[in-house]
Amino acid sequence: MKILAVETSCDETSAAVVETERDEVGAKTRILSSVVASQVDLHALYGGVVPELASRRHIEAVIPTVHEALRTAGLDVENPQGLGAVCATSGPGLIGALLVGLNFAKAYAAARNLPFAGVNHLDGHLHAVFLEEDPPAYPFIALLVSGGHTHLYRANAFAKYELLGRTVDDAAGEAFDKVAKLLGLPYPGGVAIDRLSKQGNPTAFRFPRALEHKGLDFSFSGLKTAVLHQVRALGAGVEAAKADVCASMQEAVADVLTKKLLVAMDETGIPRAVVSGGVAANSRLRSLLAERTAGSQRRVFIPRMALCTDNAAMIAYVGAHRILSGVRDPLSLNADPGLALAAPRQA
Ligand code: KG4
Ligand code: ZN
């Protein structure tokens, strides 16, 4: 079966077509096309995502993006024979942005009389790695690190998740973006900090690892404040020390994310973990995970960069699974900006 998915939860308009090897749950899923129309240049002018501008750009981009995804997948835009279902992200995300892709997908499904299913964006991130060769078996621990989320889950089976921990304030990506802004680096901050860190010394400054030995929750707002104090203390010397500040800040984030993920793996006795979301593209996080799991039974699965950041292929994977499980969402399905993946673990 071929499935079309549309994802517009934040600042990327994306559409993808995937194909399942057999029309049954758990069959290997292959990407036929994955198109991402990035709005980064638009929002970079403002140093962050402007929700109203994002919605408007999605409206302009959604039809050309879907058409390109269909064409690249070898489907006729006017008559996409072989297309079996349509999916879209229904949350979490920016409400105005979500509505564009979701309403487009629902209308498309209605017009072509195709089954429709909504997909949780976080479920997509969790499963992006299943589009790679050699995906993990359940159960696994999942660390989801993006601009809006820093969540640790235990995934027992498809759609059977427990929330083990989460940030109590800023998300890791948000910390990168805010620190980048105060250093005068371009948006998206994580990418800029990752790049500049390569020229810096990660031990130049010791930034806090909040809640380091306190359970599986995270906190990043103190880190941002600590960097702000350091920048003020450096005064005119900040230009010369910028790379060191970046490398030290990145080290603090990567260190605490890695440590908590390993604690979660040890506590649950589950030797497999998935790391996904935009921050999973961070080179220091990736190298630290590799260093700290080398020579052990533990294995960390990270999707390729293009599947770490927002994309519709991961939404299509989850959508395919849902459709093949018999799920059909009504066309009245609404966008939910605060849609959760799992309730917090009972204390
Ligand atoms: O998953 P994503 O594309 O969108 C959300 O759902 O939020 O994640 C975007 C976030 C941004 O905060 C961006 O700064 C961060 O991921 N990011 C990075 C890197 N690439 C993207 N953070 C650190 N290092 C990177 N290489
Ligand atoms: Zn995302």
Side-chain angles (χ1 to χ4, degrees), residues 5-14 16 34 36-40 43-44 47-49 51 54 58 88-94 97-98 101 119-129 142-151 166-167 170-183 185-198 200 202 220 223-224 246-258 274-289 302-315 317-318 337-339 341:
V6 185
E7 145 69 43
T8 61
S9 66
C10 190
D11 61 344
E12 321 272 14
T13 316
S14 58
S34 179
V36 179
S38 178
Q39 304 183 358
V40 160
H43 300 289
V49 178
H58 284 311
T89 305
S90 63
L94 302 169
L98 284 166
V119 172
N120 184 312
H121 180 81
L122 306 178
D123 213 353
H125 276 305
L126 223 75
H127 286 95
V129 79
L143 173 65
L144 216 143
V145 269
S146 69
H149 294 86
T150 303
H151 284 52
R166 56 174 296 173
T167 178
D170 293 351
E174 203 176 348
F176 277 114
D177 294 339
K178 286 179 176 172
V179 166
K181 205 168 184 173
L182 73 90
L183 290 173
L185 296 171
Y187 174 84
V191 179
I193 290 181
D194 196 347
R195 190 172 307 141
L196 194 54
S197 292
K198 294 196 190 332
F220 292 106
L223 173 60
K224 173 195 65 196
C246 285
S248 303
M249 180 272 176
Q250 175 175 272
E251 190 68 19
V253 177
D255 182 33
V256 82
L257 290 175
T258 307
V274 165
V275 181
S276 192
V279 179
N282 185 264
S283 59
R284 184 56 183 147
L285 177 60
R286 294 169 92 102
S287 67
L288 213 45
L289 286 166
I302 310 179
R304 78 192 91 143
M305 299 282 192
L307 289 175
C308 279
T309 48
D310 288 350
N311 67 89
M314 67 186 192
I315 303 302
Y317 176 88
V318 175
L339 190 64
L341 199 55

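As the structure lists them, so they are numbered: ligands from 1, and atoms in each ligand from 1. Throughout, residue positions are numbered sequentially from 1 according to the sequence presented.
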So, regarding Phe176 and ligand 1 (criterion: nitrogen or oxygen to nitrogen or oxygen, under 3.5 Å), is there a contact or not?
no
Among all the protein's non-hydrogen atoms, which is closest to atom 22 (N) of ligand 1, and how far away is it?
Gly190 CA, 3.3 Å
Does the pair Arg284/Asp194 count as a salt bridge with the N-to-O cut at 4.0 Å?
no
Please report which non-hydrogen protein atom sits nearest to atom 7 (O) of ligand 1, along with the residue it belongs to and the distance in Å to one decimal place.
Gly147 N, 2.8 Å
among protein heavy atoms, the one nearest atom 24 (N) of ligand 1 is Asn282 ND2, 3.0 Å
One finds that the ligand 1 atoms under 4.0 Å from a non-hydrogen atom of Ser146 are 1 (O), 5 (C), 6 (O), 7 (O), 8 (O)
Within the structure, is a non-hydrogen atom of His121 found at a distance of less than 4.0 Å from ligand 1?
yes
Checking distances from the Zn ion (ligand 2), one finds that the N, O or S atom of His121 closest to it is NE2
Which residue holds the protein heavy atom closest to atom 14 (O) of ligand 1, what is that atom called, and what is the gap in Å?
Asp177 OD1, 2.7 Å
Enumerated ligand 1 atoms positioned under 4.0 Å from heavy atoms of Gly148:
7 (O)
Mind checking whether Asp310 has an N or O less than 3.5 Å away from an N or O of ligand 1?
yes
Looking only at atom types and distance, does a side-chain atom of Thr167 sit under 3.5 Å from a main-chain N or O of Asp170, one as donor and one as acceptor?
yes
Is there a donor-acceptor contact under 3.5 Å from the side chain of Asp177 to the main chain of Gly189?
yes
Within ligand 1, which atoms have a heavy atom of His125 less than 4.0 Å away?
1 (O), 6 (O)
Polar contact flag, side-chain donor to acceptor under 3.5 angstrom, Ser38-Glu12:
yes
Looking only at N, O or S atoms in His125, which is nearest to the Zn ion (ligand 2)?
NE2
Short side-chain to backbone donor-acceptor contact, Thr150 and Ala171, under 3.5 Å:
no
N/O/S from Cys10 sitting under 2.8 Å away from the Zn ion (ligand 2):
no
At less than 2.8 Å, would any N/O/S atom of His149, backbone or side chain, sit next to the Zn ion (ligand 2)?
no
Please list, in number order, the atoms of ligand 1 under 4.0 Å from a heavy atom of Gly173.
12 (O)
Under 4.0 Å, counting heavy atoms only: does Cys10 come that close to any atom of ligand 1?
no
Answer yes or no for Gln250: is there a heavy-atom contact with ligand 1 below 4.0 Å?
no
Atom pair CG (Leu122) and CG (Leu339), whose distance is rounded to the nearest 0.5 Å:
7.5 Å
Is a side-chain donor-acceptor pair under 3.5 Å present for Ser248 with Gln250?
no
In Asp310, the N/O/S atom nearest the Zn ion (ligand 2) carries the name OD1
Any side-chain to backbone donor/acceptor pair from Thr8 onto Gly101? Under 3.5 Å, distance only.
yes
Run Phe176 and Val145 through side-chain contact (heavy atoms from CB on, under 4.5 Å) and show every step you take.
CA-CA 11 Å; Phe176 277 114; Val145 269; over 6 Å; no
Could an N or O of ligand 1 be found under 3.5 Å from any N or O of Glu174, whether backbone or side chain?
no
Numbering as shown, the atoms of ligand 1 that approach Gly278 to under 4.0 Å (heavy-atom distance)
1 (O), 2 (P), 8 (O), 16 (O), 17 (N), 18 (C), 19 (C), 20 (N), 21 (C)
Using only atom types and a distance under 3.5 Å, with no angle test, would you say the side chain of Ser276 pairs donor to acceptor with the backbone of His125?
yes
Using 0.5 Å steps for rounding, measure from the NE2 atom of His151 to the OG atom of Ser146.
9.0 Å
Between Thr309 and ligand 1, which residue portion shows a heavy-atom distance shorter than 4.0 Å: side chain, backbone, both, or neither?
both
Can you sort out which atoms of ligand 1 are near Val191, meaning under 4.0 Å from one of its heavy atoms?
19 (C), 20 (N), 21 (C)
Relative to ligand 1, is Asp194 under 4.0 angstrom through side chain, backbone, both or neither, heavy atoms considered?
side chain
So, does Asn311 use its side chain to make a donor-acceptor pair with the main chain of Met314 at under 3.5 Å?
yes
Report the distance from atom CG of Leu285 to atom CG of Leu143, rounding to the nearest 0.5 Å.
7.0 Å
Would you say the side-chain atoms of Asp123 and Tyr317 include a donor-acceptor pair closer than 3.5 Å?
no
Is there at least one pair of N or O atoms, one from Gly277 and one from ligand 1, spaced under 3.5 Å apart?
no
